[in-house]
Novice: 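Pasting in a structure now, in structure tokens, and then I'll have a few things to ask.
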Amino acid sequence: MISKKIVLHFPKRLVDEPIVYKLVKDYDLKFNILKASVTPQEEGLMVLELSGKTENYDKGVEYLKSCGVKIQSLSHDVTRNETKCTDCGVCIPICPVEALKVDPKTRKVDFDSKKCIACELCVKICPTRAMEVHF
Ligand code: SF4
Ligand code: SF4
């Protein structure tokens, strides 16, 4: 048996397809959706815990990849380098779980690491490279 938390990135064309349900039907896997959203670019994003027999798990992951789904494991962490952040706010609309928000009192951009699912969307978009990935 295997159980892993993974992040799935669905291209726009797959957002409405019942891909995850096929994992249950064809590969006998169990899943628990922890978070799901559609980014401003209309890419689907889903964080789920996937479990089942190792052999089936591997086949299921291969199936997802063959459909064009990008898979990322949740084994790393994203943090913010406070000295680099300029509170520009560019990252706010891209974060699918609202881990980056403007504090209404200070007008600064707050980063809530407990909410962060390490999807890395903000890492690519941040102009000062303040969001860092740690493995
Ligand atoms: S995009 Fe980067 S610099 Fe701008 S608020 Fe977000 S973390 Fe800070
Ligand atoms: S990596 Fe960035 S965009 Fe993704 S959840 Fe964490 S703070 Fe939000």
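Read the numbers this way: they start at 1 and go in the same order the structure lists the ligands and their atoms.
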Novice: Is T86 touching ligand 1 with its side chain, its backbone, both, or neither, if touching means heavy atoms under 4.0 Å apart?
Specialist: both
Novice: Any idea which atoms of ligand 1 are less than 4.0 Å away from a heavy-atom of T128?
Specialist: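 Every atom of ligand 1 under 4.0 Å from some heavy atom of T128: 3 (S).
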Novice: Could you check whether any side-chain heavy atom of N81 comes within less than 4.5 Å of a side-chain heavy atom of T128, counting everything from C-beta outward?
Specialist: no
Novice: Out of the candidates V38, L45, I19, only one should pair with F10 under the side-chain contact (heavy atoms from CB on, under 4.5 Å) rule; please name it.
Specialist: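 Running side-chain contact (heavy atoms from CB on, under 4.5 Å) over V38, L45, I19 with F10 returns exactly one hit, I19.
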Novice: Give a yes or no on whether K115 atom NZ has more than 12 heavy-atom contacts from other residues, nucleotides or ligands under 6.0 Å away.
Specialist: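 Yes - once you tally the heavy atoms of other residues, nucleotides and ligands closer than 6.0 Å, there are more than 12.
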Novice: On a heavy-atom basis, which atom in V78 and which in C116 lie closest, and how many Å separate them?
Specialist: CB-SG, 4.0 Å
Novice: Flag yes if more than 12 heavy atoms outside K84 fall under 6.0 Å of its NZ atom; otherwise flag no.
Specialist: yes
Novice: Between D87 and ligand 1, find which residue part has any heavy-atom pair under 4.0 Å and reply side chain, backbone, both or neither.
Specialist: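 Under 4.0 Å from ligand 1, D87 contributes backbone atoms alone.
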Novice: Could you list the atoms of ligand 2 found under 4.0 angstrom from a heavy atom of F111?
Specialist: 7 (S)
Novice: I need the atoms of ligand 2 closer than 4.0 Å to a non-hydrogen atom of V97, numbered in the order shown.
Specialist: 5 (S)
Novice: For R129 and K124, work out which heavy atoms get closest and say how close.
Specialist: NH1-O, 3.5 Å
Novice: I need the nearest protein heavy-atom contact for atom 4 (Fe) of ligand 1: residue, atom name and distance, please.
Specialist: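 Here the nearest protein heavy atom works out to C88 SG, 2.3 Å.
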Novice: Might you confirm whether atom CD of E55 has over 12 heavy atoms from other residues, nucleotides or ligands at distances under 6.0 Å?
Specialist: no
Novice: For atom 2 (Fe) of ligand 1, what is the closest protein heavy atom, and at what distance to 0.1 Å?
Specialist: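 Going by distance alone, atom 2 (Fe) of ligand 1 is nearest to C126 SG, 2.3 Å.
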Novice: For L100 and R80, which heavy atoms make the closest approach, and how far apart are they?
Specialist: CD2-NH1, 4.3 Å
Novice: For atom 2 (Fe) of ligand 2, how many protein N, O or S atoms lie at less than 2.8 Å?
Specialist: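 That number is 1, waters not included.
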Novice: Check K108 with D87, please: is the shortest side-chain N to carboxylate O separation under 4.0 Å?
Specialist: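 Looking at K108 together with D87, the answer is yes, because their closest N to O distance falls below 4.0 Å.
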Novice: Could you tell me the residue and atom name of the protein heavy atom closest to atom 8 (Fe) of ligand 1, and the distance to it rounded to 0.1 Å?
Specialist: C85 SG, 2.4 Å
Novice: Which ligand 1 atoms does P127 reach within 4.0 Å, using its non-hydrogen atoms?
Specialist: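 So the atoms of ligand 1 that pass are 1 (S).
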Novice: For the pair N56 (side chain) and Y27 (backbone), establish whether a donor and an acceptor sit closer than 3.5 Å, ignoring hydrogens and angles.
Specialist: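 The answer is yes, because a donor-acceptor pair under 3.5 Å joins these two groups.
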